[in-house]
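These notes concern the structure reproduced below.
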Number of protein chains: 2
Amino acid sequence: MGARYASPIRVWIGAMKTNAIFKRTYNSCLKLLSTEPIGDDLGSEPHLAARLDVSRTTIRAALAALSARDLIRVNGREKIIQRRPVPSDYYPEIETEPVSDIVEKRFMQWILHGDCKPGQQINSLELARQFGVSTSAIREYLNGFSQFGLLERRPSGSWIVKGFTKEFARELSEVRELFELRSVQRFVELPDSDAVWGSLDIINRDHLRLKEDVEKRHADFPALDERFHRLINNTSRNRFMVNFYALISMIFHSHYQLSRVDEKERHSVAIGEHLAYIAALQSRDKELAMAHCRAHLNTARATLLRSMDVNAPA
Amino acid sequence: MGARYASPIRVWIGAMKTNAIFKRTYNSCLKLLSTEPIGDDLGSEPHLAARLDVSRTTIRAALAALSARDLIRVNGREKIIQRRPVPSDYYPEIETEPVSDIVEKRFMQWILHGDCKPGQQINSLELARQFGVSTSAIREYLNGFSQFGLLERRPSGSWIVKGFTKEFARELSEVRELFELRSVQRFVELPDSDAVWGSLDIINRDHLRLKEDVEKRHADFPALDERFHRLINNTSRNRFMVNFYALISMIFHSHYQLSRVDEKERHSVAIGEHLAYIAALQSRDKELAMAHCRAHLNTARATLLRSMDVNAPA
DNA sequence: TGACTGTTTATTATCGACTAAAAGATGGGA
DNA sequence: TCCCATCTTTTAGTCGATAATAAACAGTCA
């Protein structure tokens with residue numbers, strides 16, 4: 001408890017909101033410029049703001065920057081394009097991401113195929129340095145991420161990695177099945193007039209197309225898988241189920257990227273299961289649809305568990 | 001974008017970790033002191049630390065404070081009790097709570113029976129002032145709380161209250177039933193040797209006792225309700241289900257405090273349902289147990305929805 | 001030798017400072 | 001009258017500083 005007070009006079013060093021939104025907006029404006037002929041008008045500020053989904057304040061800042069670099073000439077209400085943008089006009093991609101996104105990306109990478117072991121304590125200062133952000137940003141992210149059940153808070157406040165274990169995969173799959181089965185029950189009872197049936201037809205068609213060209217295009221499957229399951233889960237009309245599917249989606253997406261063993265075959269099998277599952281839904285036969293749902297999710301779980309054997313023989 | 005940069009020289013004013021843990025530890029020590037005779041030794045630092053579940057650093061700080069106020073006399077390894085603590089020796093209760101707990105309490109109060117309307121935007125600065133904490137604390141709490149589905153993030157970053165609506169109650173109850181039914185299936189299959197059967201017997205006994213004296217002790221029901229359902233949900237061995245029950249628990253706890261209409265009758269009914277539910281579990285009859293589970297959760301949902309009619313006729 | 005205390009080091013919690021960005025107010029021109 | 005641009009006010013995101021706490025280390029006494 002010694003008196004370690006430093007001088008109260010401090011020089012302010014950093015700490016401010018990043019202007020990632022401005023930079024992204026500026027880049028978007030450049031892209032817009034490059035598609036319009038020189039001499040054209042860019043349109044009014046409110047229009048641009050609505051189009052790029054930012055406030056007018058930000059648009060004005062971007063326009064000012066464009067004007068300063070002689071990309072446009074502002075004259076009253078006119079914003080005349082002066083020249084084509086060149087690559088060096090753009091801000092680097094990395095600077096257009098908000099800090100929270102950067103942390104998310106880096107952290108997912110760190111936890112999924114970093115060197116972190118189950119039971120390991122997380123050092124937020126170390127992570128902050130590694131990711132090039134402040135400890136506050138790390139802290140905030142960990143807080144949100146903890147809801148996914150891969151972290152645990154110790155009474156002292158620090159976090160420990162529970163790890164992406166088989167137990168985790170089992171628990172995740174269990175809830176997934178509960179939720180999707182419930183959604184399926186809702187799904188088959190929706191009236192023929194509901195828009196989901198049309199969406200399902202489109203997804204069915206896309207599956208058939210992918211199946212025909214699976215040799216070349218099998219890498220497109222994850223996105224289709226995501227669309228299909230999301231369609232089903234969204235019919236639950238339950239925010240908890242929909243939110244949970246976001247977690248599922250994240251986990252499976254990460255794993256698709258990781259485990260490339262037998263990828264093509266696994267995707268082929270899944271396409272077949274999906275088609276049967278879709279047909280069962282279309283038949284409006286509840287029991288049949290649930291049976292296909294169970295069968296498919298069983299396969300998915302088995303695949304997930306097997307991939308963990310390969311990647312992390314713990 | 002005007003140049004509004006202030007002078008880079010700043011005087012550091014506030015910002016530090018609160019010493020709530022120290023104060024709570026100090027109070028706990030006082031309570032310990034008051035139960036031991038004067039002249040006794042308090043025991044070693046490591047023992048005290050383990051007993052109060054804090055670090056030795058904190059214990060040492062508390063002991064130093066006790067010594068400074070002549071409550072104990074430290075002599076080498078001895079810590080001799082000098083006098084009985086008086087009420088004014090204690091720190092006020094409020095100062096022993098970490099900021100996060102304060103925010104949680106105040107926020108739950110604010111959202112459940114404050115004047116906030118669905119669709120309203122949350123002003124974090126305003127809330128911070130109202131709660132007497134920093135905006136960072138509010139921000140952090142909102143981040144975590146958003147997972148409960150009562151808030152929604154706007155693209156601009158601000159939060160809007162979705163409100164504690166009937167729709168929310170319906171979705172919450174739906175997931176609750178899915179999870180608890182699954183837990184019940186696990187429960188009845190547990191071997192007789194499992195400790196849960198003993199816990200269930202105790203809970204059964206407590207229900208019977210409470211039933212006999214329901215006139216006077218009906219206020220004890222919420223705690224018992226919590227114990228019972230938690231026991232069931234914990235058998236799921238699924239972190240998502242257990243976590244979700246924490247939300248359920250919080251919501252129902254808050255509502256127990258709010259809606260006092262027909263309280264005694266509602267509790268009586270619930271006790272009856274619990275007893276039937278418990279008996280069904282003890283019979284190991286899966287279908288019967290599930291039926292009673294459904295029946296009870298239906299009542300609970302109806303009660304929750306009805307109380308919302310009374311409290312917030314939206 | 002083993003548990004205790006004194007000391008040092010590591011790590012987290014909390015805050016206010018500061019700017020980016022959004023939102024609102026005001027006045028002007030078609 | 002409506003859209004637009006300029007100006008002002010409000011709100012949110014990010015940070016580093018610092019004390020509180022935990023954890024590790026190092027002597028010391030029975």
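Just so we're on the same page: letters track the sequence lines, and every chain starts at 1. Keep in mind that the numbers below use all heavy atoms, side chains included, and drop hydrogens, waters and symmetry copies.
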On the nucleotide [N], are OP1 or OP2 found under 4.0 Å from the side-chain N or O atoms that [X] carries?
| X | N | result |
| --- | --- | --- |
| B:Thr58 | D:dA22 | yes |
| A:Arg154 | D:dA23 | yes |
| A:Arg56 | D:dA5 | no |
| B:His47 | C:dC4 | yes |

Contact residues, residues 48-55 of chain B to DNA chain D [heavy atom, < 4.0 Å]: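 Under 4.0 Å from DNA chain D: B:Val54, B:Ser55.
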Listed by chain and number, what are the side chain to side chain contact (heavy atoms under 4.5 Å, CB included) partners of [X], not counting sequence neighbours?
| X | answer |
| --- | --- |
| B:Lys23 | B:Asn19, B:Tyr91, B:Glu95, B:Thr96 |
| B:Thr135 | B:Leu125, B:Ala128 |
| B:Asp89 | B:Leu30, B:Leu71, B:Arg83, B:Pro85, B:Val86 |
| A:Val54 | A:Ile21, A:Thr25, A:Leu52, A:Thr58, A:Ile59 |

All salt bridge (charged side-chain N to carboxylate O under 4.0 Å, His left out) counterparts of B:Glu45, not counting sequence neighbours: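 Once residues adjacent in sequence are excluded, the partners of B:Glu45 under the salt bridge (charged side-chain N to carboxylate O under 4.0 Å, His left out) criterion are B:Arg56, B:Arg60.
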Partner residues of A:Glu126 under the salt bridge (charged side-chain N to carboxylate O under 4.0 Å, His left out) criterion, sequence neighbours left out: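 By the salt bridge (charged side-chain N to carboxylate O under 4.0 Å, His left out) rule, A:Glu126 matches no residue at all.
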Selected nucleotide, minimal atom distance to B:Ser44 side chain, candidates C:dT5, D:dA12, D:dA5: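 Taking heavy atoms from C-beta onward, the closest nucleotide is C:dT5.
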Closest to the B:Ile21 side chain, choosing from D:dC15, D:dT21, C:dT5: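 So the nucleotide nearest the side chain must be D:dT21.
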Measure the distance from [atom1] on [X] to [atom2] on [N] and round it to the nearest whole Å.
| X | N | atom1 | atom2 | value |
| --- | --- | --- | --- | --- |
| B:Arg24 | D:dA20 | CZ | C1' | 13 Å |
| A:Leu151 | C:dT12 | CG | C1' | 16 Å |
| B:Leu63 | C:dG6 | CG | C1' | 13 Å |
| A:Lys23 | C:dT19 | NZ | P | 16 Å |
| B:Ile138 | C:dT14 | CD1 | P | 12 Å |
| A:Ile59 | D:dC7 | CD1 | C1' | 18 Å |
| A:Arg60 | C:dG24 | CZ | C1' | 14 Å |
| A:Arg153 | C:dT11 | CZ | C1' | 13 Å |

A:Glu97 and A:Lys105 ion-paired at < 4.0 Å: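 Yes, charged N to carboxylate O under 4.0 Å.
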Flag for B:Arg154-B:Gln121: side-chain donor and acceptor within less than 3.5 Å: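 Yes, side-chain donor-acceptor contact under 3.5 Å.
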All ring pair (Phe, Tyr, Trp, His ring centres under 6.0 Å) counterparts of A:Tyr141, not counting sequence neighbours: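 Per chain and number, A:Tyr141 pairs via ring pair (Phe, Tyr, Trp, His ring centres under 6.0 Å) with A:Phe107, A:Phe145.
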Contact nearer the 5' end of DNA chain C, comparing A:Gly157 with B:Ser158: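 The answer here is A:Gly157.
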Most 5' of B:Ser156 and B:Glu140 on DNA chain C, judged by nearest nucleotide: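 Closest to the 5' end, via its nearest nucleotide, is B:Glu140.
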Residues which pass side chain to side chain donor-acceptor pair (under 3.5 Å) with A:Glu36, listed by chain and number, not counting sequence neighbours: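 A:Glu36: no side chain to side chain donor-acceptor pair (under 3.5 Å) contacts found.
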Of all pairs that satisfy salt bridge (charged side-chain N to carboxylate O under 4.0 Å, His left out), the ones with a partner from residues 135-150 of chain B, not counting sequence neighbours: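 The answer is A:Arg139-B:Glu140, A:Glu140-B:Arg139.
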Donor/acceptor link under 3.5 angstrom from [X] side chain onto base of [N]:
| X | N | value |
| --- | --- | --- |
| A:Thr57 | C:dA23 | yes |
| A:Thr18 | C:dA20 | no |
| B:Lys17 | C:dT12 | yes |

Flag side-chain contact, heavy atom, 4.5 Å: B:Gln82 against B:Asp70: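 The answer is no, as the side chains (C-beta and beyond) never meet within the 4.5 Å cut-off.
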Any A:Asp41 side-chain heavy atom under 4.5 Å of A:Ile81 side chain: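 No, side chains not in contact.
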Nucleic acid contacts of residues 121-136 of chain B, taken as heavy-atom distances under 4.0 Å to DNA chain C: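 Nucleic-acid contacts, sorted: B:Ser134, B:Ser136.
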Strand-adjacent residues in residues 69-80 of chain B, judged by heavy atoms under 4.0 Å from DNA chain C: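 Going residue by residue through residues 69-80 of chain B, the ones with a heavy atom under 4.0 Å of DNA chain C turn out to be B:Arg77, B:Lys79.
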Most 5' of B:Ala20 and B:Arg139 on DNA chain D, judged by nearest nucleotide: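 Taking each residue's closest nucleotide, the earlier one in sequence belongs to B:Arg139.
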